[in-house]
2 protein chains.
Amino acid sequence: MTLKNIARELGVSISTVSKALKNSNEIGAETIERVQAFAKLYNYRPNNLAISLKNKRTNNIGVIIPDIVHYFFTTVFRGIEQYSKKHGYNVIACVTDESLEREVVNMEMLANGSVDGFIMALSAETQKKNHFDHLKRINELEIPLVLFDRVTDEIECDKVLINDREAAYNAVMKFIENGRRKIALITTEDYFSVSQGREAGYRQALESFGLPVDEALILKLPFMDLDEILINTFFDSQDIDAVLCVNEIFAIHSMNLVQKKGVNVPEEMEFIGFTDGILSKYAKPGLTSMAQHGFQMGEIAAKMLIDRIQSGLSEKEEPCRTEIIESTLIERESTINAIPVL
Amino acid sequence: MTLKNIARELGVSISTVSKALKNSNEIGAETIERVQAFAKLYNYRPNNLAISLKNKRTNNIGVIIPDIVHYFFTTVFRGIEQYSKKHGYNVIACVTDESLEREVVNMEMLANGSVDGFIMALSAETQKKNHFDHLKRINELEIPLVLFDRVTDEIECDKVLINDREAAYNAVMKFIENGRRKIALITTEDYFSVSQGREAGYRQALESFGLPVDEALILKLPFMDLDEILINTFFDSQDIDAVLCVNEIFAIHSMNLVQKKGVNVPEEMEFIGFTDGILSKYAKPGLTSMAQHGFQMGEIAAKMLIDRIQSGLSEKEEPCRTEIIESTLIERESTINAIPVL
DNA sequence: AAACAGTACGAAAACGTTTTCGTGTTGATA
DNA sequence: TATCAACACGAAAACGTTTTCGTACTGTTT
C-alpha cells in the first residue's frame with residue numbers, strides 16, 4: 001500500500017492523497033473522508049525511509065557504548081531509550097566492546113544518513129590511544145554528538161557526567177569521619193577520564209585532612225581482567241582499614257577476597273564502590289556505593305541531543321553544555337553508618 | 001557530497017559516477033580512476049536511506065525485549081548485536097518494559113520500512129493477555145520474525161529456546177541425588193511460557209521418582225515485585241530442604257532471606273536458580289544455576305533471522321524452525337557437589 | 001564500403017514520500 | 001458582465017540512489 005496505489009484506486013492524484021491523509025484544508029471534506037477510509041481499510045502506513053529521505057531527518061539516534069552487559073551502561077541506555085521513544089525517536093544500539101576500531105566502524109556505518117545524532121561513551125581503547133579522528137569527522141559533518149561518562153576534552157560537544165572528583169572526595173570523607181586513616185584506592189589504569197577524576201578526589205580528600213597520600217595504597221588494576229593474585233598481594237602487603245573502588249566489580253571482588261582471608265567487613269575494613277548496581281545490593285555485606293543515576297544520565301543525554309537536533313543549530317552556533325549529575329552515596333553494610341540500614 | 005555533485009564537478013553523468021564507484025566494467029579505466037580519486041578526496045559516502053529505499057532492504061533488524069537491565073536479555077542482545085554487525089546489519093533496540101502496548105507501538109513504528117526483520121521476546125503482559133494481533137500483522141506483511149525465550153504457539157515463526165522442561169528436570173534430579181526429598185519450586189504466575197516448562201519439568205522429575213507433588217511447596221510470586229513477607233511465610237510454614245527457582249533474582253533473594261533466619265546453605269537447604277548471571281557468581285554462597293547461554297541464543301536468533309531475510313523466503317515458503325539450546329548446570333556452593341568448586 | 005561488435009557513457013525510470021506552484025471551477029462582488 | 005477571491009485539486013520537482021536501456025563512437029571484419 002503506497003500513496004500511488006491509493007491514488008490510482010480512488011482516481012485522484014498522489015498529492016491529493018498525501019494531503020488528505022494529513023487533513024490538509026486544501027482538500028475537500030468528502031475527499032478527505034474517502035481517502036482516509038480507504039487508507040484505514042487497507043491498513044496504509046507511510047514508508048519511513050521515503051519520509052526520512054525527503055525530510056532529511058531519520059528520527060533515529062545512534063547509541064555507541066563499550067559494553068551492554070554492564071549495569072551502568074544498561075541503565076543509561078534505558079534512560080536514553082525511554083526518553084527517545086517518548087519523543088518519537090528510535091535508538092540504534094552499537095556495542096564497541098571497548099575497541100576503537102569497532103567504534104570507528106560503527107559510527108561510519110551510521111553517519112551516512114542512518115541517524116540524526118549520536119550519544120556515546122568512549123571505549124577503553126579510544127581513551128588509551130587518544131584517537132578521536134572519527135569524532136572530529138562527525139563534528140565536521142555537523143552531526144550532533146553527546147558524550148556521557150567517558151568523555152574527552154579534545155572534542156567540542158555536549159557532555160553529561162557525574163561529579164567524579166567530588167564523589168570520590170565525599171566517599172573518602174566518610175571513611176575519615178568513621179575514623180579510618182589507612183585508606184586504599186583500587187582503580188583502573190590512568191587513561192579513563194572517570195578514574196582520573198576519582199583518583200583526584202581521593203587525593204584531595206586525604207590532603208585536605210592533612211593525611212599523607214601513600215602511593216603504595218593505590219592499586220591500579222588492568223581493565224577487564226581481575227587478577228586475584230595482584231589483589232591478594234596488595235592486601236597482604238599493606239595495612240589497610242578502608243577501600244574505595246572506582247567500580248562495582250573491583251569492590252565486590254576485593255571485598256570477597258579479604259573476607260576469605262578472615263577480615264571482618266565493615267568492622268576491620270570498610271568498602272565503598274562506584275556505580276550502585278545490582279551486585280552492590282545483593283552482595284554480602286551489602287556494598288555502600290556511589291550511585292551514578294544512570295537512568296537520569298541517559299534521559300538528560302537524550303534530551304540534550306534531541307534538543308540540539310530539533311533546534312537545527314550546530315555545535316558552533318549554539319555553545320556546548322556540560323551537565324553534571326550529582327552522585328549520591330547509598331549506604332549499606334560495608335560501611336559503618338549513623339543510621340543502620342537493612 | 002552526493003553522486004549528483006560529483007557528476008557535476010567532473011562533467012559526467014550520475015550513472016557514470018555510480019558505476020565508476022562500483023568498478024563497473026561499463027566504465028573506462030581512467031574515468032573510474034578520476035571518479036574514485038575525487039570521491040576519496042571529498043570523503044564521499046553513499047546515503048544509506050537512498051540505498052535502502054531503492055533496494056527495499058534496510059540492513060536493520062529490530063530487537064524487541066521486555067527489559068534491558070536484566071542480565072539474560074542483555075546477554076542475548078549482545079549475541080544478536082555481534083552476529084548482526086558481523087553480517088552488515090544494524091540493530092534497532094526497543095524495550096517494552098513488559099508492556100503490551102509498548103510492544104505494539106514499537107513494532108508498528110519499525111514495521112514500515114525501518115527494519116528487515118524482528119527478533120523478540122514477548123512481554124509479560126503480552127503473555128498474560130494472550131494478545132498477538134500485532135505479531136499476526138507482522139506475519140501478514142511477510143516481515144521475518146524470530147521469537148526467543150518467551151514464545152507462543154499462536155504465532156508461526158522461527159523460534160529459539162532453551163530446554164526448560166529438561167533443565168528443570170535435571171535440576172530437581174540433582175537435588176534428589178543429593179538426598180533431598182522436600183523440594184520446593186519458586187516460580188512466577190502461570191502465564192510465562194518458560195515458567196510453564198520449568199514447572200512441568202519439576203513435576204515430572206518428582207513423579208518419575210515416585211515422590212508426591214505437594215502443591216504447598218510451589219510458590220508463585222507475582223512478577224517484578226519481590227514480596228518478602230510472602231517468601232518468609234512460605235519458608236516458615238513449609239518444611240523444605242531444597243529450592244529450585246525459575247530465575248536468578250528469586251533464588252538470590254530467597255536464599256538471602258533463609259540465611260537471615262539462620263538456615264545453612266547448602267547443608268540444610270540447597271538452591272538452584274535459572275539464568276547464570278552475574279549475581280549467581282558473586283552471591284554468597286555462589287548460586288548453582290542453570291546457564292541459559294544467552295549469547296549463543298542471540299547469535300542463533302540473529303542467524304536464523306538473517307538467513308531468512310537473505311533467502312527472501314517467507315514463513316509459508318520455507319517452513320519455520322525451532323532451535324533448542326541445551327542449558328547446562330553451573331555448580332557453585334549453594335548445592336553440594338561431587339567435586340568441590342572454588 | 002557496408003555491416004557489425006565492442007566500448008564508454010548518458011537518459012530516465014524507479015523507490016515512496018513532501019511540498020510548491022499552477023489551474024480550473026465556483027460563487028460573490030463591483 | 002467582468003473581476004476576483006476562495007476552494008479543490010493536479011503536475012512536477014525533489015530527496016540520493018540503482019539499474020535498464022539506448023546510443024554515439026571506435027575499430028574490425030567481409
Side-chain angles (χ1 to χ4, degrees), chain A residues 1-36 38-39 42-60 88 109-116 141-143 312, chain B residues 1-36 38-39 42-60 88 109-116 141-143 312:
Chain A
M1 259 303 119
T2 68
L3 291 186
K4 194 192 285 189
N5 285 335
I6 300 182
R8 180 165 15 84
E9 298 299 318
L10 260 48
V12 294
S13 77
I14 295 179
S15 11
T16 301
V17 177
S18 176
K19 292 168 189 166
L21 289 173
K22 298 192 159 47
N23 288 309
S24 161
N25 54 9
E26 278 184 66
I27 306 297
E30 64 174 324
T31 306
I32 288 189
E33 205 150 340
R34 271 177 64 220
V35 170
Q36 293 193 353
F38 190 91
Y42 286 93
N43 235 303
Y44 166 80
R45 306 283 152 172
N47 181 297
N48 290 330
L49 287 176
I51 295 178
S52 295
L53 181 60
K54 187 72 184 60
N55 295 345
K56 292 170 164 298
R57 297 180 314 115
T58 64
N59 276 25
N60 288 153
M109 214 165 160
L110 296 184
N112 312 118
S114 294
V115 300
D116 296 340
L141 292 173
E142 304 214 337
I143 300 176
Chain B
M1 260 304 117
T2 67
L3 291 187
K4 194 191 285 189
N5 285 334
I6 300 181
R8 179 163 19 81
E9 298 299 319
L10 261 45
V12 294
S13 78
I14 295 179
S15 9
T16 301
V17 177
S18 176
K19 291 169 190 166
L21 289 173
K22 297 191 159 50
N23 288 310
S24 161
N25 55 7
E26 275 186 69
I27 306 297
E30 64 174 325
T31 306
I32 289 190
E33 206 150 339
R34 272 175 64 218
V35 170
Q36 293 193 353
F38 190 91
Y42 286 94
N43 235 305
Y44 166 79
R45 307 281 153 175
N47 182 297
N48 291 331
L49 287 176
I51 295 178
S52 295
L53 180 59
K54 189 70 185 56
N55 295 346
K56 293 170 167 294
R57 298 181 313 118
T58 63
N59 277 26
N60 288 154
M109 218 167 157
L110 296 184
N112 312 117
S114 295
V115 299
D116 296 339
L141 292 173
E142 303 214 338
I143 299 175

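Atoms considered below: every heavy atom in the structure, side chains included; atoms not considered: hydrogens, waters and symmetry mates. Letters A, B, ... mirror the listed sequences (proteins, then strands); counts begin at 1.
The overall bend of the helix from C:dA1-D:dT30 to C:dA30-D:dT1, read as the angle between its terminal helix axes built from five base pairs each, is 80° when rounded to 10 degrees.
Side chains of A:V35 and A:K19 form no contact here, defined as non-hydrogen atoms less than 4.5 Å apart. Two residues are said to be in side-chain contact when any heavy atoms from C-beta on lie closer than 4.5 Å; B:N47 and B:T2 fail this criterion.
For the contact set between residues 13-23 of chain A and DNA chain D, defined by any heavy atom under 4.0 Å, the members are A:S13, A:S15, A:T16, A:K19. Within residues 26-36 of chain B, the residues approached by DNA chain C to less than 4.0 Å at the level of any non-hydrogen atom are B:E26, B:I27, B:G28, B:T31, in residue-number order. A heavy-atom distance below 4.0 Å to DNA chain C is reached by these residues of residues 45-53 of chain B, ordered by number: B:L53.
Of all non-hydrogen atoms in B:T58 and A:L49, the two that sit nearest each other are CG2-CD1, 3.8 Å. Contact between A:N59 and A:G88 at its shortest, heavy atoms only, is ND2-O, 3.2 Å. Pairing each heavy atom of B:D116 with each of B:I143, the nearest pair is O-CG2, 4.0 Å.
Between atom NZ of residue B:K56 and atom CD1 of residue B:I51 there is a gap of 15.5 Å, rounded to the nearest 0.5 Å. In this structure, CD1 on A:I32 lies 10.0 Å from CD on A:E26, to the nearest 0.5 angstrom. In this structure, the separation between CG on B:N23 and CD on B:E33 is 10.5 Å, given to the nearest 0.5 Å.
No donor-acceptor distance shorter than 3.5 angstrom exists from the side chain of B:N55 to the backbone of B:R57, with no hydrogens or angles considered. Under the 3.5 Å distance criterion, the side-chain polar atoms of B:N60 are left unmatched by any main-chain donor or acceptor of B:G113. Put simply, the side chain of A:N48 gets close to the backbone of B:M109: a donor and an acceptor are under 3.5 Å apart.
Each of B:P46, B:S13, B:S18, B:S15 was scored for a side chain to side chain contact (heavy atoms under 4.5 Å, CB included) with B:L3, with one residue passing: B:S18. Among A:L21, A:I6, A:V17, A:N5, the single residue meeting the side chain to side chain contact (heavy atoms under 4.5 Å, CB included) criterion with A:F38 is A:I6.
Contacts of B:K54 with the nucleic acid, taken as non-hydrogen atoms under 4.0 Å apart, include base atoms.
For DNA chain C, the contact window with chain B, defined by any atom under 4.0 Å from a protein heavy atom, covers C:dA8 to C:dG16 in 5' to 3' order.
Residue pairs satisfying the salt bridge (Lys or Arg N to Asp or Glu O under 4.0 Å) criterion with at least one member in residues 45-55 of chain B, sequence neighbours excluded, are listed as follows: A:E108-B:R45.
A:E9 CD: more than 12 foreign heavy atoms inside a 6.0 Å radius.
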